[in-house]
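Encoded as structure tokens, the structure appears first; notes follow it.
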Protein chains: 2
Amino acid sequence: MPRYVDKEERRRHVAAALHRIAAREGLESVSIRTVAAEAGLSVGAVQRDFGTKDELLRFALREMLANVERRFSEIRVGPGGLSFAEGLRRVLTDLLPTDDERLAEARVWSAFYARAAVDAGFADTLAELDARARAALRSAVGWAGEQGELAPGQDPDALVELLLVLVDGIWLSAVRQPPGASLDAQRAAVAAAVAAVTVEGGREARRG
Amino acid sequence: MPRYVDKEERRRHVAAALHRIAAREGLESVSIRTVAAEAGLSVGAVQRDFGTKDELLRFALREMLANVERRFSEIRVGPGGLSFAEGLRRVLTDLLPTDDERLAEARVWSAFYARAAVDAGFADTLAELDARARAALRSAVGWAGEQGELAPGQDPDALVELLLVLVDGIWLSAVRQPPGASLDAQRAAVAAAVAAVTVEGGREARRG
DNA sequence: CTCGTATCGATACACTCGTATCAAAAGGAG
DNA sequence: CTCCTTTTGATACGAGTGTATCGATACGAG
């Protein structure tokens, strides 16, 4: 075969170009042509790598989800790791638009999210992510319960569902902020969420 | 002037057509032509009523926000009204996709929300809504504090921010549900939110 | 009634869209 | 080197886009 190139690497390069356009101008400005130009490729090259625009979008969605999941998988809650409260705080804080990259990510997320409303394939992919997040949260909340970290009167399963919608809310709220706005409100929301759900210090607090 | 017609009424009729299309196929399928066809009008009529597509979209956004605000304004928390916990529960429950109309509304909301990420005019309109919601919540939370309804250790201002992102999260989460899915998870999230933020019964519970 | 004007619906225009096609190029196999 | 296959970039095509234009239409004023 002539012209040895790393196909997967280039697919990721194209997906990154799509993410930049979606963050800057929205999904409506994403076309084969605009993406190819942003990636520095010709239309034909993008067509061969992805075949159809739908497959390009699907790949870009999965690529983004993989990035987010990889980041979150490094936040380990449990024995030998973080307390539940600290883990929760880190997850939520990590989503805040603290830099341009995070803001761009939130914008892309909002665009994909809206598309999931009318594209069953997108909705399915999001549902899979949801299932994994639910499982991880269930485990973390279970451990928090054992450690006495949960505020009294909380049903663990219901709490998991609350945290799931809370993550969406925090992440997406970045989208409506005017540029350069302060993050104080969102930081306050994170602090309030942690405060409402946990009892400070968990077992240690109850020991001391 | 010939052809007496109620202009504002027809603008709302056209906006409703836009909402239906956006809920069914997304904002990308909204064009002057598709909206005109859905509304049973000609392209020229829609053009005369709105001039430009951007103005049509802006009107449709404001129209939707007005509907939601009108609904919420009927939920009155405070002296002579509902308890904070009950009001919060009603607001959050009202957003759930309990019927097709609510589901459609959530889908339209997600589309507009995503557009606000890249359209400053949309973002401004959402920011105004945010300011009004923040004021209403601040008042409700203040009253809840006086009534002893708030769970201990809550900063009222931070709690307001938490509730704001929670509303977004609950509402938007409808979008990723497969059709016909159960609402149990979202109802659980609402219950968990109310439980985490308030102490059951408020003053009454502390008296009894 | 007639007239004048505000509204209408159709069409035109200059794009952009996703996709298909296809000649030119490019590099490993022999 | 010569082939031969894969990859590339350009172009073609039909459809759909926002908007402008402009006769036909329909009504209220006189």
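Within the structure, salt bridge (Lys or Arg N to Asp or Glu O under 4.0 Å) pairs that include any residue of residues 178-191 of chain A do not occur (at least two apart or interchain). Applying the salt bridge (Lys or Arg N to Asp or Glu O under 4.0 Å) rule to pairs touching residues 75-84 of chain B yields nothing, sequence neighbours excluded.
Here the closest heavy-atom approach between residue B:Ser83 and residue B:Trp143 is recorded as CA-CZ3, 3.9 Å.
In this structure, the CG atom of B:Leu41 is 10 Å from the C1' atom of C:dC8, given to the nearest Å. When the P atom of C:dG18 is taken as reference, atom CD of A:Glu55 falls 15 Å away, rounded to whole Å. Atom-to-atom, CG of B:Leu56 to P of D:dT17 comes out at 13 Å; the value is rounded to the nearest Å.
Between A:Ser31 and C:dT16 there is no side-chain N or O to OP1 or OP2 distance below 4.0 Å. Contact annotation: B:Arg33 side-chain N/O to C:dT11 OP1/OP2 distance is not under 4.0 Å.
Put simply, the side chain of B:Leu57 does not reach to within 4.5 Å of the side chain of B:Asp119, judged on heavy atoms.
A heavy atom closer than 4.0 Å to some atom of DNA chain C occurs in A:Val30, these being the qualifying members of residues 12-30 of chain A. Contact check of residues 43-52 of chain B against DNA chain C (heavy atom, cut-off under 4.0 Å) returns B:Gly44, B:Ala45, B:Arg48.
A:Thr34 places a side-chain N or O within 3.5 Å of a backbone atom of A:Ser29 that can act as its donor or acceptor partner. With hydrogens and angles disregarded, no donor-acceptor distance shorter than 3.5 Å links the side chain of A:Arg89 to the backbone of A:Val190. With hydrogens and angles disregarded, no donor-acceptor distance shorter than 3.5 Å links the side chain of B:Glu63 to the backbone of B:Ala15. A donor-acceptor contact shorter than 3.5 Å is absent between the side chain of B:Ser139 and the backbone of B:Ala135.
Residues satisfying the side chain to side chain donor-acceptor pair (under 3.5 Å) test with B:Arg11, not counting sequence neighbours, are none.
Of the listed nucleotides (D:dT17, C:dC17, D:dG18), D:dG18 has the atom at the smallest distance from the side chain of B:Ile32.
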Which dot-bracket string describes DNA chain D (Watson-Crick N1-N3 plus N6-O4 or O6-N4, or G-U N1-O2 and O6-N3, all under 3.5 Å; [ ] crossing; | other strand)?
||||||||||||||||||||||||||||||
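Relative ring orientation between B:Trp171 and B:Trp109 is described as parallel, the plane-to-plane angle staying below 30° on a 0-90° scale split at 30° and 60°.
A salt bridge links A:Glu86 with A:Arg90: the distance from a Lys NZ or Arg NE/NH1/NH2 to an Asp or Glu carboxylate oxygen falls below 4.0 Å.
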